[in-house]
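Down below is the structure, laid out as structure tokens.
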4 protein chains.
Amino acid sequence: MPAAGGKRVPRAVRERQMLDAAVAVFARRGFRAASMDEIAEAAGVSKPLVYLYLNSKEDLFTACIRREADALTAAVRDAVEAGAPPERQLWGGLLGFFEHTAAHPDGWTVLYSQARTVGEPFAAEVASLRARIVDFAAGLIAAACGGAPGAPEVAAYAYALVGAAESLAGWAATAPGPVPAGRELAASLMTFAWSGLSRAVPAQ
Amino acid sequence: MPAAGGKRVPRAVRERQMLDAAVAVFARRGFRAASMDEIAEAAGVSKPLVYLYLNSKEDLFTACIRREADALTAAVRDAVEAGAPPERQLWGGLLGFFEHTAAHPDGWTVLYSQARTVGEPFAAEVASLRARIVDFAAGLIAAACGGAPGAPEVAAYAYALVGAAESLAGWAATAPGPVPAGRELAASLMTFAWSGLSRAVPAQ
Amino acid sequence: MPAAGGKRVPRAVRERQMLDAAVAVFARRGFRAASMDEIAEAAGVSKPLVYLYLNSKEDLFTACIRREADALTAAVRDAVEAGAPPERQLWGGLLGFFEHTAAHPDGWTVLYSQARTVGEPFAAEVASLRARIVDFAAGLIAAACGGAPGAPEVAAYAYALVGAAESLAGWAATAPGPVPAGRELAASLMTFAWSGLSRAVPAQ
Amino acid sequence: MPAAGGKRVPRAVRERQMLDAAVAVFARRGFRAASMDEIAEAAGVSKPLVYLYLNSKEDLFTACIRREADALTAAVRDAVEAGAPPERQLWGGLLGFFEHTAAHPDGWTVLYSQARTVGEPFAAEVASLRARIVDFAAGLIAAACGGAPGAPEVAAYAYALVGAAESLAGWAATAPGPVPAGRELAASLMTFAWSGLSRAVPAQ
DNA sequence: GATGAATGAGGATTCATTCAT
DNA sequence: TATGAATGAATCCTCATTCAT
């Protein structure tokens, strides 16, 4: 079923329709397995139009990544309380992250599961997104424990923190049972990362 | 250039050569982008022989996953000091994990970056490996903080811990500069996860 | 050399060209031995276009069978004088049959020689054509000799009659010398089947 | 399951095993679709041995055809009462034909359904068998109605008769319900061909 | 007499991409 | 703005056939 169907739609709208369709298809199939045919059909347009607006499969995928990455970054940044103490900033960032990924599962799948395949030319795009997020985390961590943002140990903490968050988001996205809410995930991760397991006191 | 070249090799040996070559190629290209031609050439045999022994591209990839997953699981399990206190067990497991992934970067890449593409039939294989590792972590965490291994909070900690470890391993595998040693990664993660960032005292 | 050559042909026309080419190639080689490459070239188009319109080799072959079977059935039915006495109806049907098979030797070859290979999935299609013809013959025979159309003996006569007709058509199609005309074949078969050999009086 | 399994079997025996297996497989699949692997396995030997004894797939198929054709020809010839009046001779031949084909369905399938595919190099072999049978029939017919065995009309009758017999044999081989016995088929065909439909009086 | 190991060649099928309108 | 028609280039996979033992 075409998403829209109408004719003579302005370019900006059509492009958004195409990106929406592409993100959905790429999320379901992955970059290589997705076919331009399926994407065009999902967008409700003919293939030549997709090429006219988005040039190539690779460009299309890159556009998807960029859009989703920007949206995710913005969501996190907006959720951070600027000027607050590091712990509070971190809390806000995590909350924003988990809520955004839960609200946009296809975008998250594309970024986290499908765009990682190394060897593809768009890997750089994703790496750059991740680098931005890791740097942001490193800044908070450095502020919190008084280290230099570039110190290897701080970097290691930042990678650990980001990896932990990604893993939890992935868990929430694929867990079969009742999905934990973003607030709970953020709380768990705060406890885990901030206080440490040695002081964690489970619910019961 | 063929990896081995010799002729009339017994089947078991040839199969190992093929798996070695396949892991290398899959790590470089990903499942879809890798071609059976390239794999056969890398293994130093003709394509039909690969099909004769390993049936299909999918079966071949699954065999690679299984082999690497088993090796990784075994490495972690062997590195754990059975009967020791949880903290010590965790330390051993992390050390084993980081040392194995550093020693087998191709295997790690296949498992972590290439086999994750959702929608592919082998996804289950990787999910199962990860589930095993997460369960193991959950057991340690439950023992450490006195919760039930099945409690949602414990599960969340376990996912966080595993995600953090994966992220660090990925960092070590792709970082351009001097690669942090496994021992250092394990130490960072122990501090991060066990004591918490609030008590972390960076090197400087 | 492409059969048609022109470009930008409407789909319906192209499909007919493809079927024509396919029937010719299948008649010459048989289903398994025919290659899609050869068919595409004979149709004057590229292989992907054949797949786009006809899906698969098997579907293509089935489409050929169905087209030729329908044409043959229609030719026979149209040649039968409805309402006439059985003998006259039979005469018309045989004449129509022999004239159609002589006029479309490739179609006849595909139906009679190439589509019979048991074990192939399209066998059902041909069996159904044959069943239709045998049933029609059984009806005439029953009317002629006063038996029930479902009686085993009538069925046996019908199978015998149809087999005899097929054999004669095949003979006419492959005989090296001067090919007997349809009218002569029909006459011979009428004598053979209607009066019986015991009363047949050969030309000389 | 290997048919025999034993080792060091004398060549003649092994060859027979191979032909038996080949006829069964060719009957089920047809010439092109049958694979030497399947045949070798069905024969319980390794592929190289099949090649050592029978040279090539085509030679193997030709050998099958020749063996089955000879057996069929012999069965028919043995069933004919030499010196008897034509009608009696024909009766004997038909009986022999139907009983042999019913007793060797795989051989019949190979000859009648699988070896007909035109365009294959072994077509000549089958054509020659058929020619022998048609000639034999022509002789009887000529004797019965006083024509020259080479007259076109006599040839036509012979082709009709043989085609009718083949069709009945095929019907008996594939009919789902209770299979008509050879004696009944022969009787039906005698009535049909000898007395003609105009004088046929069905069972009821 | 018998086989495990190995391959050259070819066939079906798919896909990203482009004209011509 | 929008598309029906068309293709070059791969890719997976199979098979008849042969060595070396």
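Here is the naming used below: chain letters follow the sequence lines, and residue numbers restart at 1 for every chain. The structure displayed is predicted, hence computed values, not measured ones.
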TODO: Scan every strand shown for a Watson-Crick or G-U wobble partner of E:dT21, both distances under 3.5 Å, and answer none if you come up empty.
DONE: F:dA2
Task: Nearest-Å distance for atom pair CZ/C1', residues D:Arg29 and F:dC15 - done: 14 Å
Open item on the list: In this structure, how many angstroms lie between the P atom of E:dA20 and the CG atom of A:Leu52, rounded?
Closed with: 16 Å
TODO: Would you mind reporting whether A:Phe61 and A:Val110 have side-chain heavy atoms less than 4.5 Å apart?
DONE: yes
Open item on the list: Whole angstroms only, please: what is the OH-P distance between C:Tyr51 and F:dG8?
Closed with: 16 Å
Open item on the list: Please confirm whether the shortest side-chain N or O distance from D:Tyr53 to OP1 or OP2 of E:dA2 is below 4.0 Å.
Closed with: yes
TODO: May I ask you to verify if any side-chain N or O of C:Arg8 is less than 4.0 angstrom from the OP1 or OP2 atom of F:dA6?
DONE: no
Open item on the list: Whole angstroms only, please: what is the CD-P distance between C:Gln17 and F:dA5?
Closed with: 13 Å
Task: Validation row: D:Leu19, D:Glu15 side chains within 4.5 angstrom (heavy atoms) - done: no
- [ ] With DNA chain F as reference, determine whether A:Arg11 or B:Ala33 sits nearer its 5' end, using the nearest nucleotide of each.
- [x] A:Arg11
Open item on the list: Please check: side-chain N/O of C:Lys57 versus main-chain N/O of C:Arg32, any donor-acceptor pairing under 3.5 Å?
Closed with: yes
- [ ] Would you mind telling me which of E:dG11, F:dT3, E:dA16 lies closest to the side-chain atoms of A:Ser35?
- [x] E:dA16
Task: Side-chain heavy-atom pair B:Gln114, B:Phe26 within 4.5 angstrom cut-off - done: no
Open item on the list: Measure CD/C:Glu15 against P/F:dG4 and give the value in whole Å, please.
Closed with: 15 Å
- [ ] Ignoring hydrogens and angles, answer whether the base of E:dT13 and the side-chain atoms of C:Lys47 contain a donor-acceptor pair closer than 3.5 Å.
- [x] yes
Task: Candidates E:dA5, E:dA2, E:dT13 - which lies nearest the side chain of D:Val9 - done: E:dA2
Task: Considering all heavy atoms, the nearest C:Ala115-C:Ile65 contact - done: CB-CD1, 3.7 Å
- [ ] Between D:Pro10 and C:Ala34, name the one whose nearest nucleotide on DNA chain E is closer to the 5' end.
- [x] D:Pro10
Task: Donor-acceptor contact below 3.5 Å, side chain C:Thr62 vs main chain C:Glu58 - done: yes
Task: Nucleotide of E:dT18, F:dC12, E:dG11 approaching A:Pro48 most closely (side-chain heavy atoms) - done: E:dT18
Task: Length of the line joining B:Met36:CE and F:dC13:C1', which is rounded to integer Å - done: 9 Å
Open item on the list: Can you tell me if B:Arg14 touches the phosphate of E:dG4, counting only side-chain N or O atoms and a distance under 4.0 Å to OP1 or OP2?
Closed with: no
TODO: Write down the distance between CD (C:Glu41) and C1' (F:dT7), rounded to a whole number of angstrom.
DONE: 15 Å
- [ ] With the side chain of A:Ser46 defined as its heavy atoms from C-beta on, choose the nearest nucleotide among E:dA12, F:dA2, F:dT7.
- [x] F:dA2
Task: Shortest side-chain distance from C:Ser56, nucleotide among F:dA6, E:dT13, F:dT17 - done: E:dT13
- [ ] Please figure out whether B:Phe31 or C:Leu49 has its closest DNA chain F nucleotide nearer the 5' end.
- [x] C:Leu49
- [ ] Using whole Å, report how far CG of A:Asp37 lies from C1' of E:dT18.
- [x] 14 Å
